[in-house]
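What follows is a set of notes on a single structure, which appears directly below.
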Amino acid sequence: MSDSENANSVTKPTNFIRNIIDKDLASGKHTAIKTRFPPEPNGFLHIGHAKSICINFGIAEDYQGLCNLRFDDTNPAKEESAYAEAIAKDVQWLGFKWAGDIHHSADYFDKLYGFAEELIEKGLAYVCELSMEEMRTYRGTLTETGKNSPFRDRSVEDNLDLLRKMKAGDYEDGSMALRAKIDMSSPNINMRDPVIYRIKKAHHIRTGDKWCIYPTYDFTHGISDAIEGITHSLCTLEFEDHRPLYDWFLDNISIECHPQQIEFSRLNLEHTITSKRKLNQLVVENVVDGWDDPRMPTISGMRRRGYSSAAIRDFISRTGVTKKVHTVEMSLLENSVREDLGDNAPRAMAVLKPLKVTISNYPEDKVEEINAPRHPQNEDMGTRKIYFSKTLFIDQADFRESANKKYKRLVLGKAVRLRNAYVITCDEIVKDAEGNITELKCRYDENTLGKNPEGYKPKGVIHWVSESHSKAATIRLYDRLFNVPNPASEDDFLSAVNPDCLQVIENARVELSLVEAKPEDVFQFEREGYFCADRFEHSAENLVFNRTVTLRDSWAKIEAKG
RNA sequence: UGGGAUGUCGCCAAGCGGUAAGGCAACGGGUUUUGAUCCCGUCAUGCGCAGGUUCAAAUCCUGCCAUCCCAGCCA
């Protein structure tokens, strides 16, 4: 297979939405594609939104079309500017560019209001004074049809007059609402005269106090799409039942454009949650340290964890686009993250649980400078300096007094390779009064730097740092937030929180080169995993690294089997 | 029990009447100064079930079954 064919097969995803678009282009229905990503600025974006972002922006990109970022800000009671700002940043960080300026549903409030009056004039909308409870009763149930509101047959003049007074602020919140006149006996509850304007005397982040009536999502969304010339309005499955309403509005007002709404399934990920309410609960109850805690499935949390936007995009492309409700395994995400980091993260050595090692046959004051590659497979990444000296640290897990053949690390009386340095042999164990191992006395083989020893084979390779040429660091080991695959289905999802989702190591030792690390820099701490310098708390004076993901660990499997 | 959708390997997912792609996971094996990476191999006589149409069905038809969504003046 040639490179171009290979690239083609990798970068040409196919899914049912693209099939529809291909047909629309082939038939001449459209000559250019326009999509939109329409979040409500009422919270932080999470992995589920990332899917919608990738689909909407990704399709626009691939078809050389445009994608708008539009804040669906029709409910002033829930929305905040801070959320809008954070959302825009997250979209950019993920690597996407919206067309032109950011749009807002609120930008269309005047037009929307005009369309509402048009519906009234056509006898297709009316002001209803039923209370919310009454309206619920009149609506019927899933199996019983609803019945008409007593206010359904007001005259056009009365309706217009009432709506204008609503708009002028003459009535209290909830006292009346404008409804579309459709069909109270429809099997689709969304068509049973849905509310299209409600009174809310609230300050809006965009329009301030100009309005005291606000259009609902159903009325606003399709019209906003049409105003913006959206060709394909891509949303999640729960809006399937709303599509007839979406179409009804566009069919009954004076507007040319009629975008096609297409629904796809949400992204569900095992061992996590994407409910805004539940995520908020984690923050409020201090289960995590904020919305951007590295354990959170938010875009900002994953960023702080060390997931790159490329890895997130790759993961999402691997999950596909269908209408099937699915739950993706965490291993797929971790695979994307490892694949990205494996190529791009420079290597370094960090000892998480230090055990002192004295090289008895190494001169007291000698220090050797070694150029170690930043990446074993990619020379272009260059080298960094590491230092070998008489006193070193290795990890406690890399030594056993005695072990079977499967254990490929340091054992009393046996030899092991120190990564990028010499082969050492352990001669003696120093223990404290309680019998804890406090130090190892080893001897190095001076002919083993860059070459294999003669006459014997070291058992394995372990990482290390020099005592005098390493720094103390705080290392946070993150694990999955929940112990169960589907925490949302638990009676109490908080009881499924993994108690070991964070382990803080205060006195790890990291190689000297890591003082150069800048916040958000990623590394592979060899044999330990991928880590990133904390975006907010790391500095040259206070080294803080977050574990992004572990390395694949086949030893753990072998060890578990015994 | 109304309406809307969906059922292809443990998890995703192609397939669109011509005899089941691919990825992740798993399991073997090789290379390796990371138990990483990389490489090689194994992994659905089967497509929710039952009938039917056809030379030929995951793909068409009929009937079941299972799961998800909908009764906010939320989005």
Side-chain angles (χ1 to χ4, degrees), chain A residues 9 14-15 19 38-40 42 72-75 77-78 128 130-132 135-137 139-146 173-179 186-192 194-200 213-214 216-218 220-221 235-244 263 265 270 276 315 317-336 338-339 342-343 347 349 372 375-377 406-409 416-421 423 448 450-452 458 460-463 485 524-530 550-559:
Chain A
S9 66
T14 170
N15 60 53
N19 291 343
E40 183 185 20
N42 69 343
D72 214 347
D73 49 359
T74 57
N75 185 356
K78 294 191 168 184
C128 180
L130 251 25
S131 69
M132 271 198 262
M135 218 183 267
R136 184 164 57 240
T137 311
R139 188 158 35 229
T141 68
L142 294 177
T143 52
E144 299 158 36
T145 62
D173 287 15
S175 60
M176 54 182 71
L178 183 69
R179 293 225 258 168
S186 172
N188 181 347
I189 293 180
N190 294 300
M191 302 299 272
R192 317 238 263 232
V195 167
I196 60 181
Y197 262 96
R198 67 291 215 195
I199 303 170
K200 268 183 199 286
I213 57 171
Y214 291 92
T216 54
Y217 163 85
D218 282 312
T220 307
H221 203 90
C235 62
T236 43
L237 243 33
E238 67 270 28
F239 293 105
E240 247 166 349
D241 289 342
H242 295 244
R243 188 171 359 116
E263 311 83 13
S265 56
E270 283 194 346
K276 261 180 199 167
F315 162 66
S317 76
R318 285 170 190 256
T319 64
V321 181
T322 68
K323 291 173 82 80
K324 186 160 55 176
V325 175
H326 64 187
T327 303
V328 179
E329 290 175 346
M330 191 62 100
S331 62
L332 192 67
L333 208 206
E334 291 181 340
N335 174 260
S336 292
R338 287 193 186 108
E339 217 165 77
D343 288 342
R347 313 288 123 126
M349 292 197 284
H375 195 288
Q377 279 86 234
K406 285 181 187 164
Y407 188 77
K408 301 200 292 183
R409 307 180 188 190
V416 77
R417 158 78 65 184
L418 292 180
R419 176 75 167 153
N420 296 126
V423 173
T448 56
K451 54 187 174 215
N452 289 128
V461 182
I462 63 173
H463 59 286
Q524 185 197 104
F525 290 169
E526 287 186 292
R527 302 208 316 124
E528 291 291 358
Y530 295 99
T550 60
L551 255 25
R552 276 203 182 77
D553 189 1
S554 56
W555 165 240
K557 287 175 197 164
I558 297 165
E559 202 179 22

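Just so it is clear, the values below take in all heavy atoms, side chains as well, and ignore hydrogens, waters and symmetry mates. So that the names make sense, note that chain A is the first sequence line, chain B the second, and so on, each numbered from 1.
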Would you tabulate the pairs of protein nitrogen or oxygen atoms and nucleotide nitrogen or oxygen atoms of nucleotides 69-71 of chain B closer than 3.5 angstrom?
from   : atom 1 : to        : atom 2 : distance (Å)
A71(B) : O2'    : Arg139(A) : NE     : 3.0

What N/O pairs connect the protein and nucleotides 26-31 of chain B at under 3.5 Å? Give each pair on its own line.
from   : atom 1 : to        : atom 2 : distance (Å)
A26(B) : OP1    : Lys557(A) : NZ     : 3.0

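Taking Asn75(A) as the reference, nothing meets the side-chain hydrogen bond (donor to acceptor under 3.5 Å, both in side chains) condition, with sequence neighbours excluded. A search for side-chain hydrogen bond (donor to acceptor under 3.5 Å, both in side chains) contacts involving Tyr197(A) returns nothing, not counting sequence neighbours. Arg419(A) is linked by a salt bridge (Lys or Arg N to Asp or Glu O under 4.0 Å) to Glu526(A), counting only residues two or more places apart in sequence or in another chain. Under the ring pair (Phe, Tyr, Trp, His ring centres under 6.0 Å) criterion, His242(A) pairs with Phe239(A), sequence neighbours left out. Under the side chain to side chain contact (heavy atoms under 4.5 Å, CB included) criterion, Pro187(A) pairs with no residue, sequence neighbours left out. In this view, Arg179(A) satisfies the salt bridge (Lys or Arg N to Asp or Glu O under 4.0 Å) rule with no residue, not counting sequence neighbours. Listed by chain and number, the residues in a salt bridge (Lys or Arg N to Asp or Glu O under 4.0 Å) with Glu144(A) amount to none (sequence neighbours excluded). When the side-chain hydrogen bond (donor to acceptor under 3.5 Å, both in side chains) test is applied to Arg243(A), the partners found at least two apart in sequence or on another chain are Glu263(A). Every side-chain hydrogen bond (donor to acceptor under 3.5 Å, both in side chains) that Asn42(A) has, sequence neighbours left out, goes to Glu40(A), Lys276(A).
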**Message:** I'd like to compare against my own output: the B/S/- annotation of nucleotides 9-14 of chain B with a strict under-4.0 Å heavy-atom distance to protein.
**Reply:** -BSSSS

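Relative to the side chain of Asn19(A), the nucleotides A75(B), U34(B), G15(B) differ in distance, and G15(B) lies closest.
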